[in-house]
Chemist: 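Sharing a structure here in structure tokens format.
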Amino acid sequence: MSIGHLTVETDGAELWNPKPEWRRLDSALVLNLPRLQPIQRELITPLNLLLSGIVEDNKSQVHSGAYRLAGLGQGLTPAGDDVLMGLLYGLWVWRLDRDLMQLIVETAVPRTTTLSGAFLWAAMEGEASIHWHNLIYNGLQAVDQILSIGATSGRDAWTGFTHLGHRLAGKLPN
């Protein structure tokens, strides 16, 4: 392939699908998830509101929780957005509900950075970085890879993922 004076050899290259087979993660995996990550104080209330809305199928609570988490924190991908991304991944695993995912993303994207919004749209489509693929295909040893993403992005995404799993399994109080 050539672009101007640049030529890139693609012979033998394999296409990579950014969407892993989320359903390969057995629902029972939630019982063995590594420790929950500590939550930043400002994330607790909106995350609990969002989780309750998901469990109770209350769209108003889901909207309110997503609204309050969106853009919360510092950086190109604020902590609240990273939590939402992990939660979206959890929905792919434990409760595939495209309408719910769309509500979360459409609520959050206008309230955050362009980069973070793009990551949220991708998460809604089930697209994930190689770290999350490794979790699905190689098991829990990949958790440390996820936790190492960015300064806190991986830990925050893992928080959203594990808190949703534990709440749906009844292991976290409302």
Side-chain angles (χ1 to χ4, degrees), residues 19-20 22-23 25 27 29-129 131-132 135-136 143 146-147 149-174:
K19 184 177 177 181
W22 290 105
R23 293 298 191 164
L25 281 178
S27 294
L29 176 72
V30 74
L31 301 175
N32 297 313
L33 290 175
R35 70 193 182 287
L36 297 173
Q37 294 297 300
I39 304 176
Q40 298 173 36
R41 183 180 309 262
E42 65 271 12
L43 300 174
I44 294 172
T45 299
L47 176 57
N48 283 330
L49 181 63
L50 179 55
L51 292 172
S52 293
I54 291 169
V55 170
E56 297 165 13
D57 199 28
N58 182 323
K59 303 285 193 254
S60 177
Q61 281 184 318
V62 168
H63 178 270
S64 183
Y67 184 88
R68 291 172 62 188
L69 279 170
L72 188 60
Q74 302 297 314
L76 290 174
T77 62
D81 300 342
D82 294 329
V83 168
L84 288 171
M85 186 174 68
L87 189 136
L88 289 165
Y89 292 156
L91 288 171
W92 274 98
V93 174
W94 295 298
R95 188 169 181 185
L96 186 57
D97 183 334
R98 301 281 292 166
D99 291 335
L100 187 63
M101 291 182 202
Q102 187 165 349
L103 172 62
I104 292 168
V105 172
E106 287 180 351
T107 300
V109 166
R111 298 184 46 78
T112 192
T113 67
T114 302
L115 178 63
S116 194
F119 283 147
L120 289 171
W121 281 114
M124 184 185 86
E125 294 301 324
E127 298 173 359
S129 71
H131 307 86
W132 291 90
L135 174 67
I136 292 165
V143 172
I146 293 169
L147 297 177
I149 299 170
T152 64
S153 291
R155 289 191 310 268
D156 293 332
W158 188 251
T159 293
F161 183 78
T162 56
H163 277 73
L164 175 66
H166 280 85
R167 181 67 67 91
L168 290 174
K171 292 178 68 176
L172 277 180
N174 293 335

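It should be emphasised that the depicted structure is a prediction, and the values quoted were computed from it without experimental measurement.
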Chemist: Indicate yes or no for a side-chain donor-acceptor contact from T113 to the backbone of S116 under 3.5 Å, with no hydrogens or angles considered.
Modeler: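 Answer holds: yes.
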Chemist: W158 and Y89: aromatic ring centres closer than 6.0 Å?
Modeler: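 Between Y89 and W158, which both carry aromatic rings, the centre distance is not below 6.0 Å.
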Chemist: Please determine whether ring pair (Phe, Tyr, Trp, His ring centres under 6.0 Å) holds for the pair F161 and W92, giving the CA-CA distance in whole Å, both sets of side-chain angles, and the decisive distance to 0.1 Å.
Modeler: CA-CA 10 Å; F161 183 78; W92 274 98; over 10 Å; no
Chemist: I136: what forms a side chain to side chain contact (heavy atoms under 4.5 Å, CB included) with it, not counting sequence neighbours?
Modeler: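 In terms of side chain to side chain contact (heavy atoms under 4.5 Å, CB included), with neighbours along the sequence ignored, I136 is linked to P20, W22, R24, L25.
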Chemist: Please check this pair: side chain of D82 against backbone of A157, looking for a donor-acceptor N/O pair closer than 3.5 Å.
Modeler: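 No.
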Chemist: Does T107 reach the main-chain N or O of Y67 with its side chain, forming a donor-acceptor pair under 3.5 Å?
Modeler: no
Chemist: Using the test side chain to side chain contact (heavy atoms under 4.5 Å, CB included), find all partners of F119 that sit at least two apart in sequence or belong to another chain.
Modeler: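 With sequence neighbours excluded, F119 shows a side chain to side chain contact (heavy atoms under 4.5 Å, CB included) to T77, M85, L115, given in chain and number order.
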Chemist: Going by side-chain contact (heavy atoms from CB on, under 4.5 Å), H163 matches just one of L87, N48, I39, V83. Which one?
Modeler: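 Going through the options one by one, the only one that passes is I39.
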Chemist: For residues 95-108, pull every pair meeting salt bridge (charged side-chain N to carboxylate O under 4.0 Å, His left out), keeping only residues two or more places apart or in separate chains.
Modeler: R98-E125
Chemist: Do you know the tightest heavy-atom contact between P78 and L72?
Modeler: CB-O, 3.4 Å
Chemist: Is the side chain of W132 donor-acceptor paired with the backbone N or O of G86 at a distance under 3.5 Å, no angle test?
Modeler: no
Chemist: For S129, check side chain to side chain donor-acceptor pair (under 3.5 Å) against everything at least two apart and list the hits.
Modeler: H131
Chemist: Any salt bridge (charged side-chain N to carboxylate O under 4.0 Å, His left out) pairs touching residues 58-74, not counting sequence neighbours?
Modeler: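 Residue pairs passing salt bridge (charged side-chain N to carboxylate O under 4.0 Å, His left out), neighbours aside: D57-K59.
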Chemist: Just to verify, what does V62 make a side chain to side chain contact (heavy atoms under 4.5 Å, CB included) with, not counting sequence neighbours?
Modeler: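 Listed in chain order: L50, I54, L100, L103, I104.
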